[in-house]
A.B. asks: 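I have a structure I would like to understand better, so I am pasting it below and will then ask my questions one at a time.
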Amino acid sequence: MIGVVASGAAGRMGQAVCEAVEGAEGMDLVAKADPALGVELAAVLGKADVAVDFTTPDAAAGNVRACLEAGVHAVVGTTGFDLEALREAAEAAGGANCFVAPNFAIGAVLLMEAARLIARQMPECEIVELHHDRKLDAPSGTAKRTAELIREAGGNVHEPIHSVRLPGLVAHQEVIFGGEGQTLSLRHDSIDRRSFMPGVLLAVRRVADLPDRFTVGLEKLL
Ligand code: NAP
């Protein structure tokens with residue numbers, strides 16, 4: 001049985017994580033941490049094997065450090081904070097792994113893979129990401145990661161990345177490639193937060209056995 005703590009458990013993603021873990025075989029939701037619930041993450045780590053963090057850009061890095069110091073593996077979905085500083089902390093910490101995915105939805109990961117392939121032949125492109133109006137960071141972690149992957153493949157992502165924030169949206173992204181007399185568009189829509197949960201559960205199952213202390217991207221688990 002994998003003991004899981006949900007960090008940010010009262011939030012939109014945290015609530016979906018609690019529901020998913022409670023319904024998953026071989027997992028036990030041992031604690032819910034969130035200021036709104038009056039429960040501090042550090043106080044409940046002793047019960048956990050893995051912590052799943054969907055909090056805020058300000059809170060996530062401190063939470064992950066607390067997990068690693070306590071020997072608890074961290075699965076991180078929070079976006080909008082410096083991953084490189086976290087990489088250093090994870091690589092310096094002994095005994096626990098950190099897995100980060102800017103997007104846990106399989107469709108979004110496939111979009112990134114397809115974008116990388118297309119960019120080799122049609123390098124000029126723009127990214128439009130669209131999210132609900134309570135999202136704290138812009139551009140989204142998914143858009144930044146997509147741009148990074150396209151650039152690694154030789155593509156030219158035009159700046160700025162376009163960020164749309166409106167009520168009614170969940171998480172959406174379009175990559176538009178333009179070439180001689182033609183365009184090619186890729187689009188992914190998360191219309192329900194349940195879209196992220198198979199990826200989160202996969203990461204919870206796999207994080208302890210990852211070969212590296214710090215791993216970024218759901219594609220590494222597929
Ligand atoms: P949200 O509804 O605002 O939830 C965040 C929750 O974390 C809030 O309840 C917040 O409490 C709590 N929190 C703040 N500081 C904390 C701390 N130190 N320890 C524990 N909990 C703390 O946000 P959301 O929409 O669920 O999104 C959360 C994050 O996930 C965002 O960064 C978002 O971009 C990201 N996200 C990632 C994916 C992915 O696939 N990787 C998908 C969707 C969203 P207070 O309200 O009291 O501050």
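Residue indices begin at 1 and follow the sequence shown. Owing to the predicted nature of the structure, the values given are computational and were not obtained by experimental measurement. First listed ligand is number 1; within each ligand, the first listed atom is number 1.
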A.B. asks: So is Asp34 touching ligand 1 or not, going by heavy atoms under 4.0 Å?
C.D. replies: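 Judged by the 4.0 Å heavy-atom criterion, Asp34 does count as contacting ligand 1.
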A.B. asks: Determine whether the side chains of Thr142 and Gln173 contain a donor N or O and an acceptor N or O closer than 3.5 Å.
C.D. replies: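 Per modelled atom types, Thr142 and Gln173 side chains form no pair under 3.5 Å.
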A.B. asks: Decide whether His131 and Glu129 meet the rule of one side-chain donor and one side-chain acceptor closer than 3.5 Å.
C.D. replies: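 Indeed, the side chains of His131 and Glu129 share at least one donor-acceptor pair under 3.5 Å.
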A.B. asks: Please list the nearest protein heavy atom to atom 18 (N) of ligand 1 with its residue and the distance rounded to 0.1 Å.
C.D. replies: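 It is Ala59 CB, 3.4 Å.
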A.B. asks: Spell out, yes or no, whether Ile106 and Val204 are grouped together once hydrophobic residues are joined by side-chain heavy atoms under 4.5 Å, including indirect joins.
C.D. replies: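 Yes: a chain of side-chain contacts under 4.5 Å links Ile106 to Val204.
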A.B. asks: Using a strict threshold of under 4.0 Å (side-chain N to carboxylate O), is an ion pair present between Lys135 and Asp137?
C.D. replies: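 A salt bridge is present here (some side-chain N lies under 4.0 Å from a carboxylate O).
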A.B. asks: Provide, to 0.1 Å, the distance between atom 19 (N) of ligand 1 and the closest protein heavy atom, together with that atom's residue and name.
C.D. replies: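 The answer is Asn63 ND2, 3.4 Å.
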A.B. asks: Once rounded to the nearest 0.5 Å, what's the spacing between atom CG of Leu218 and atom CZ of Arg206?
C.D. replies: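 It comes to 9.5 Å.
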A.B. asks: Do any N/O atoms on Gly77 end up under 3.5 angstrom from N/O atoms on ligand 1?
C.D. replies: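 N/O-N/O distance under 3.5 Å: yes.
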A.B. asks: For atom 38 (C) of ligand 1, what is the closest protein heavy atom, and at what distance to 0.1 Å?
C.D. replies: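 Heavy-atom neighbour on the protein nearest atom 38 (C) of ligand 1: Phe54 CE2, 3.7 Å.
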A.B. asks: Is the shortest distance from atom 48 (O) of ligand 1 to a protein heavy atom below 4.0 Å?
C.D. replies: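 False for atom 48 (O) of ligand 1.
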A.B. asks: For atom 43 (C) of ligand 1, what's the nearest protein heavy-atom neighbour? Residue, atom name and distance, please.
C.D. replies: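 Of every protein heavy atom, Met13 SD, 3.5 Å lies nearest to atom 43 (C) of ligand 1.
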A.B. asks: Non-hydrogen atoms of Ser7 versus ligand 1: any pair closer than 4.0 Å?
C.D. replies: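 Within the 4.0 Å threshold, so yes.
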A.B. asks: May I ask you to identify the nearest protein heavy atom to atom 3 (O) of ligand 1, giving residue, atom name and distance to one decimal place in Å?
C.D. replies: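 Its nearest protein heavy-atom neighbour is Arg12 NH2, 3.6 Å.
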A.B. asks: Step through the shown structure and confirm whether more than 12 heavy atoms of other residues, nucleotides or ligands are within 6.0 Å of CZ on Arg151.
C.D. replies: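 It does: Arg151 CZ has more than 12 such atoms within range.
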A.B. asks: Short N/O distance, under 3.5 Å, between Thr56 and ligand 1?
C.D. replies: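 No, Thr56 has no N/O under 3.5 Å of an N/O on ligand 1.
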A.B. asks: Taking 4.0 Å as the limit for heavy-atom contacts, which would you say applies to Pro102 with ligand 1: side chain only, backbone only, both, or neither?
C.D. replies: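 Pro102 to ligand 1: backbone contact only, side chain stays beyond 4.0 Å.
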A.B. asks: When you measure from atom 22 (C) of ligand 1 to every protein heavy atom, which one gives the shortest distance, and what is it?
C.D. replies: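 Looking at atom 22 (C) of ligand 1, the protein heavy atom closest to it is Pro35 CD, 3.2 Å.
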A.B. asks: Any idea which protein heavy atom is nearest atom 41 (N) of ligand 1, and the distance to it?
C.D. replies: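 Atom 41 (N) of ligand 1 sits closest to the protein heavy atom Ala101 O, 2.9 Å.
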A.B. asks: For atom 28 (C) of ligand 1, state which one of Thr78, Val75, Thr55 supplies the nearest heavy atom.
C.D. replies: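 Residue with the shortest heavy-atom distance to the ligand atom: Thr55.
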A.B. asks: Can Met27 be reached from Phe104 by stepping across I, L, V, M, F, W or Y side chains whose heavy atoms are under 4.5 Å apart?
C.D. replies: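 Same hydrophobic cluster.
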A.B. asks: Should the pair Glu152-Arg145 be classified as a salt bridge under the 4.0 Å nitrogen-to-oxygen rule?
C.D. replies: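 No salt bridge links Glu152 with Arg145.
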A.B. asks: Would you compute the distance between atom CE of Met13 and atom OG of Ser7 and round it to the nearest 0.5 angstrom?
C.D. replies: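 Interatomic distance, Met13 CE to Ser7 OG, rounded to 0.5 Å: 12.5 Å.
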A.B. asks: Can a protein heavy atom be found under 4.0 Å away from atom 11 (O) of ligand 1?
C.D. replies: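 There is a protein heavy atom less than 4.0 Å from atom 11 (O) of ligand 1.
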A.B. asks: For atom 40 (O) of ligand 1, what's the nearest protein heavy atom and its distance?
C.D. replies: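 Ranked first by proximity to atom 40 (O) of ligand 1 is Phe104 N, 2.8 Å.
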